[in-house]
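Quick notes on the structure that follows.
This one's a predicted model, so the numbers in the text were calculated from it and none came from an experiment. Numbered from 1 within each chain, the chains take letters A, B, ... in sequence-line order.
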Amino acid sequence: MKRTPIKKIFSSGKLGERILVKGWVRTFRNNQFISINDGSTINNIQAVIDSSQTSEDIKAKLNPGASVSVLGALVESLGKGQSFEVQVEKLDILGESDPQVYPLQPKKHSLEFLREKSHLRPRTNTIGSVLRIRNEVAYGIHQFFYERGFYYLNTPIITGSDAEGAGETFRVTNFDIENLPLDEEKKVDFKQDFFGKPVNLTVSGQLEAEAGAMSLGNVYTFGPTFRAENSNTSRHLAEFWMIEPEMAFVELEENIEVAEEMLKYLIKRVVENCNDDLEFLDKRLADEEKTKPEKDRSELGLVEKLKFVLENEFEKISYSEAIDILKNSKPNKKKKFKFPVEWGIDLQSEHERFLVEKHFKKPIVVYDYPKGIKAFYMKQNDDGKTVRAMDVLFPGIGEIIGGSQREEGLDKLKTRMQEMNVLQEDLWWYLELRKFGTAPHSGFGLGFERFVQFVTGMGNIRDVCLFPRFPQHAEF
RNA sequence: UCCCCCUUAGCUCAGUUGGUUAGAGCGGCUGACUGUUAAUCAGUAGGUCCUUGGUUCGAGCCCAAGAGGGGGAGCCA
């Protein structure tokens, strides 16, 4: 007999049928009631044993965390907490769990403590819900692009080019680092390395995706990226996943439209398909908010916030307009900003937060940034000062998407590379995309974990991955 | 990398102006319990007060350095 996932029992279980349930014990109460969770859903199923017919040895092993197999009939429950339960005919302990050392108790644990037990924390309601929602989002991303005729492209994880010229990279080598081969000038001789040149883990698949767009039309990547930056914040990881669509014959305006449409599609999907998990996280967040001082509490609950984003159009403003709003803002006039507002500066967290959370009170898209603070490949506007870049800013997490229309003119691109000290010989192939059949094209990058953070309401990005990677942390 | 905060039982925390024997809830252990819902009831064990050094008659509490954790900033997604 095959086991029935608990999720299936809740959705289509029939009273009277005999079922086999396998999962992990959450609690064992009153010598009778086993609460079992198998990860398929946040909901537990209650299995009822006949205490007098069950050996003391078995009962002593029904501890939190133990894995069990339960065979019995699905019957109407006599108790009030659930409408049905399993009347146990046969119970097997598959794996014991010593309560003296099992770290997860039937009580609330701090997320910091759970982070030290990353291998067990998916068994908690919170992390379990987050990972199920993460899956829903990942699947939704593929479906969104598939439905629109985009091709899923796998760009290399090991690359020879540092895509944006910014961001520390992780070097990849098979050298014996205790004994590096040196050339005549006593420098490391990369000719002897595996690839015959220095290579690193990718920081972005964008440049490679552009090659895809210049042949397949509309493509997207969805894969891991790596940054060796010493970032210690609640929204940075050393290893994270990025979604990077790249579209041929598309200009910035349409790029922004696709970004907004995608974000809403994904949120809608989670709201529709992850009700149980979302409800739990909503309540969790509400409880957490209660412990904060009133002025720091957010006005909307998690589900309310998601629906709010769905129902409202993102505000689109140019960088110059954003600067004007900031200059005329109360905090600026009262000199509350730590960083002065001046055309040409990069928007700081405090500025973004003011625009999103105080001024517009909804997601915003800022476009046409000064060229001096953006990457070399972005298309230059005719004003000579700005580029066709756009950032989508979300409440709570700030920049969730960064994108642009790409410079398709070969000469303009070369000039810009020279100005910004990007080596043309390293990117000869990228330049050839402009030499042969160049075309307007655009794309953007969505930080997967940041988006999952937003839809789950988790405050720390380290709690939306199974085993997060960040400075000094690769235990698991 | 910078700034701020924290570190007391397995977990979450309390611990008064420096004062003698460091507490609670949950969890553990022993026992009871056939309709419980993070079950409940009775009993019980459990501490390198992060580490090192210092001040003091006396330090969980004060000072210094270090370690670990968190929040914020920068970089960005």
Side-chain angles (χ1 to χ4, degrees), chain A residues 26-35 37 43-54 56 59-60 63-65 75-82 85 87 98-117 124-125 163-164 166-168 203-206 224-244 259 291-292 296 337-339 346-353 373-375 391-394 397-403 444-454 459-463 470-473:
Chain A
R26 283 292 175 83
T27 60
F28 177 45
R29 294 184 291 264
N30 208 359
N31 258 332
Q32 280 184 96
F33 306 105
I34 318 166
S35 185
N37 185 279
N43 297 305
N44 303 330
I45 194 155
Q46 174 159 290
V48 188
I49 59 167
D50 185 335
S51 197
S52 59
Q53 297 293 305
T54 310
E56 291 303 315
K59 282 190 272 186
N63 296 309
V75 298
E76 203 172 326
S77 178
L78 300 173
K80 281 179 182 156
Q82 57 285 313
E85 61 196 16
Q87 193 70 53
D98 182 350
Q100 283 191 69
V101 285
Y102 185 62
L104 305 181
Q105 303 162 15
K107 62 169 279 193
K108 218 175 232 171
H109 292 287
S110 68
L111 292 168
E112 291 81 15
F113 171 72
L114 292 174
R115 236 168 264 158
E116 289 167 13
K117 315 283 174 199
T124 63
N125 286 333
E164 320 215 358
E168 292 293 314
V203 294
S204 162
Q206 182 203 313
T225 47
F226 309 86
R227 308 247 168 121
E229 240 124 89
N230 192 12
S231 298
N232 293 287
T233 81
S234 54
R235 32 177 220 291
H236 287 87
L237 291 165
E239 175 182 312
F240 64 99
W241 285 59
M242 207 159 36
I243 295 98
E244 296 178 288
T291 65
K292 290 184 187 168
D296 295 338
F337 286 137
K338 222 171 150 188
F339 294 86
D346 210 348
L347 296 179
Q348 303 293 319
S349 283
E350 57 178 355
H351 304 144
E352 294 180 351
R353 194 157 281 177
I373 56 172
K374 290 290 179 185
D391 284 353
V392 180
L393 309 179
F394 261 35
I397 26 183
E399 184 178 346
I400 197 165
I401 281 182
F444 60 84
L446 167 71
F448 182 51
E449 281 83 1
R450 281 196 187 166
F451 183 73
V452 175
Q453 232 188 314
F454 180 76
N460 195 315
I461 201 164
R462 295 162 191 174
D463 298 324
F470 53 103
Q472 301 297 315
H473 291 270

Worksheet item: Could you write nucleotides 27-36 of chain B as a row of B, S and -, 5' to 3', where a protein heavy atom under 4.0 Å of any base atom gives B, of only sugar-phosphate atoms gives S, and otherwise -?
Response: SSS---BBBB
Item to complete: Using the P atoms only, state how far B:G70 lies from B:U12, rounded to an integer number of Å.
Response: 12 Å
Worksheet, complete the sentence: The residue among A:N125, A:L104, A:I45 that forms side chain to side chain contact (heavy atoms under 4.5 Å, CB included) with A:R26 is A:N125
Worksheet item: Distance-only, no hydrogens or angles: does the A:E244 side chain make a donor-acceptor pair with backbone N or O of A:G445 under 3.5 Å?
Response: no
Discussion item. When both hydrogen-bonding distances must be under 3.5 Å and the geometry is Watson-Crick or G-U wobble, what is B:C57 paired with, if anything?
Written reply: B:G19
Fill in: Rounded interatomic separation in angstrom, taking NZ from A:K338 and C1' from B:C2
9 Å
Worksheet item: Which whole-number value in Å describes the distance from A:N125 CG to B:U37 P?
Response: 17 Å
Fill in: Atom-pair distance (CZ on A:R227; P on B:G74), nearest Å
16 Å
Worksheet entry | Side-chain H-bond candidate by donor/acceptor type, A:S52 with A:D50, under 3.5 Å | yes
Practice prompt. Kindly say whether A:N31 contributes a backbone atom to a donor-acceptor pair with the side chain of A:S51 at under 3.5 angstrom?
Written response: yes
Discussion item. Without decimals, in angstroms, what is the distance between A:L114 CG and B:G70 P?
Written reply: 12 Å
Practice prompt. Look at all strands and tell whether A:R26 reaches a base, only sugar-phosphate, or nothing, counting heavy atoms closer than 4.0 Å.
Written response: nothing
Discussion item. OP1 or OP2 of B:G72 versus the side-chain N and O atoms of A:R353: is any pair under 4.0 Å?
Written reply: no
Worksheet item: Counting only Watson-Crick or G-U wobble pairs whose two distances fall under 3.5 Å, which nucleotide matches B:G68?
Response: B:C6
Discussion item. Say we look at B:U8 and B:C41: how far apart would their P atoms be, to the nearest angstrom?
Written reply: 28 Å
Worksheet item: Closer to the 5' end of RNA chain B via nearest nucleotide, is it A:T27 or A:H109?
Response: A:H109
Item to complete: Describe the nucleic acid contact of A:I401 in one word from base, sugar-phosphate, nothing, applying a heavy-atom distance below 4.0 Å.
Response: sugar-phosphate
Fill in: Minimum heavy-atom distance A:S234-A:Q453, with the two atoms named
O-NE2, 3.3 Å
Item to complete: Using only side-chain N and O atoms of A:S234, determine if any of them is under 4.0 Å from OP1 or OP2 of B:G72.
Response: yes
Worksheet entry | Nearest-Å distance once atom C1' is located in both B:A24 and B:G18 | 23 Å
Practice prompt. Take atom CZ of A:F454 and atom P of B:A77, then tell me their distance rounded to the nearest Å.
Written response: 19 Å
Item to complete: Return no unless some side-chain N or O of A:T233 is found under 4.0 Å from OP1 or OP2 of B:G74.
Response: no
Fill in: Touch class at under 4.0 angstrom, heavy-atom based, for A:D346 against every strand present
sugar-phosphate
Worksheet item: Quantified in whole Å, what is the C1' atom distance between nucleotide B:C13 and nucleotide B:C3?
Response: 27 Å
Worksheet item: If pairing requires Watson-Crick or G-U wobble contacts with both distances under 3.5 Å, which nucleotide is the partner of B:U48?
Response: none
Worksheet item: Over how many whole Å does the gap from A:E350 atom CD to B:G74 atom C1' extend?
Response: 12 Å
Discussion item. Between B:A14 and B:C33, how far apart are the two P atoms, rounded to whole Å?
Written reply: 39 Å
Worksheet item: Distance check: side-chain N/O of A:S231 vs OP1/OP2 of B:C75, anything under 4.0 Å?
Response: no
Worksheet item: Are the side chain of A:Q348 and the backbone N or O of A:D346 linked by a donor-acceptor pair below 3.5 Å?
Response: yes
Worksheet item: Quick one: is B:G70 close enough that its OP1 or OP2 comes under 4.0 Å of any side-chain N or O from A:R462?
Response: yes
Worksheet item: Which pair of heavy atoms, one from A:E168 and one from A:V203, lies closest together, and at what distance?
Response: O-CG1, 4.3 Å
Fill in: For atom CD of A:E352 and atom P of B:A73, their distance in whole Å
10 Å
Discussion item. Strictly below 4.0 Å: does A:N232 bring a side-chain N or O up to OP1 or OP2 of B:C2?
Written reply: no
Worksheet item: Using a distance-only test with no angle check, is there a side-chain donor-acceptor pair under 3.5 angstrom linking A:R235 and A:T233?
Response: no
Worksheet item: Mind checking who B:U1 pairs with, Watson-Crick or G-U wobble, both distances under 3.5 Å?
Response: B:A73
Worksheet entry | Euclidean distance for C1', B:G53 against B:A45 (whole angstrom) | 35 Å
Discussion item. So for A:H236 and B:C76, does any side-chain atom that can act as donor or acceptor lie under 3.5 Å from a complementary atom in the base?
Written reply: yes
Fill in: Selected nucleotide, minimal atom distance to A:M242 side chain, candidates B:G70, B:C75, B:A77
B:A77
Discussion item. One thing to verify: whether A:E350 and A:R353 come together as a salt bridge, which I'm taking to mean a side-chain N less than 4.0 angstrom from a carboxylate O.
Written reply: no
Discussion item. Using atom P in both nucleotides, what's the gap between B:U7 and B:U34 to the nearest angstrom?
Written reply: 45 Å
Worksheet item: Roughly how many Å is it from CG in A:L111 to C1' in B:G71, rounded to a whole number?
Response: 14 Å
Practice prompt. Mind checking salt bridge (charged side-chain N to carboxylate O under 4.0 Å, His left out) for A:D391 and listing every partner two or more places apart, or none if nothing turns up?
Written response: A:K374
Practice prompt. Rounded to whole angstrom, note down the P distance from B:G60 over to B:C49.
Written response: 8 Å
Worksheet item: Which of these nucleotides, B:C75, B:G69, B:U12, is closest to any side-chain atom of A:E112?
Response: B:G69
Worksheet, complete the sentence: A:N460 has its side chain closest, among B:A73, B:G71, B:A39, to B:G71
